Amino acid sequence: MRFSYNRLWKLLIDKNINKQKLKELSGISSASVAKLRKGQNVTTNVLLNICNALDCQVEDIMEFVKDEEPEK
């Protein structure tokens with residue numbers, strides 16, 4: 001089980017915002033952006049700052065993805 005941030009990247013494209021502008025608008029670090037790109041864990045504060053900057057809800061930027069079960 002993991003979180004996917006693909007919705008965030010799609011939203012940024014729709015709003016014509018690049019990663020640098022996202023950092024400026026939300027006040028998050030380059031390290032946080034890198035973690036998001038890799039699908040790694042970030043703090044809820046990072047997610048809150050992004051949602052506040054983009055005027056969206058958390059479900060607009062991330063989704064829960066179940067791992068595929070191995071075939072038997």
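Position 1 is the first residue of the sequence, and the numbers go up from there. Note that the structure is a prediction, hence the values are computed from the model and not measured.
- Residue pairs satisfying the salt bridge (Lys or Arg N to Asp or Glu O under 4.0 Å) criterion with at least one member in residues 8-34, sequence neighbours excluded, are absent.
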Next on the checklist: Assess the residue pair Leu47 and Met62 against the criterion (side chain to side chain contact (heavy atoms under 4.5 Å, CB included)); give the C-alpha distance rounded to whole Å, side-chain angles, the decisive distance to 0.1 Å, and a yes or no.
Outcome noted: CA-CA 9 Å; Leu47 299 175; Met62 61 185 284; 3.6 Å; yes
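- You'll find the side chain of Leu54 reaches within 4.5 Å of the side chain of Ile17, heavy atoms only.
- No donor-acceptor contact under 3.5 angstrom links the side chains of Asn45 and Thr43, judged on distance only.
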Next on the checklist: Could you walk me through whether Asn18 and Leu12 satisfy the side chain to side chain contact (heavy atoms under 4.5 Å, CB included) test, starting with their C-alpha distance in whole Å, then the side-chain angles of each, then the deciding distance to 0.1 Å, before giving a yes or no?
Outcome noted: CA-CA 7 Å; Asn18 62 27; Leu12 292 178; over 6 Å; no
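- Note on Val65: it does not cluster hydrophobically with Tyr5, by side-chain heavy-atom contacts below 4.5 Å among ILVMFWY residues.
- Neither Val33 nor Leu48 shares a network with the other; the hydrophobic side chains, linked directly or stepwise wherever heavy atoms of I, L, V, M, F, W or Y lie under 4.5 Å apart, form separate groups for each.
- No donor-acceptor pair closer than 3.5 Å links the side chain of Ser32 to the backbone N or O of Ile28.
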Item to check | side chain to side chain contact (heavy atoms under 4.5 Å, CB included) assessment of Leu36 paired with Trp9 | outcome: CA-CA 10 Å; Leu36 290 165; Trp9 310 122; 3.8 Å; yes
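- For the salt bridge (Lys or Arg N to Asp or Glu O under 4.0 Å) condition, the pairs that include at least one residue of residues 52-65, sequence neighbours left out, are Arg7-Glu63.
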Checklist entry - Given the rule in the side chain to side chain contact (heavy atoms under 4.5 Å, CB included) test, do Phe3 and Val42 qualify, once you have shown the distances and angles that lead to the verdict? => result CA-CA 10 Å; Phe3 286 108; Val42 294; over 6 Å; no
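- Put simply, CG on Leu22 and CG on Leu8 are 6.0 Å apart, with the number rounded to the nearest 0.5 Å.
- Panel note: side chain Asn49, backbone Gly27; no donor-acceptor pair is recorded below 3.5 Å.
- Of all non-hydrogen atoms in Ile61 and Cys56, the two that sit nearest each other are CG2-SG, 3.7 Å.
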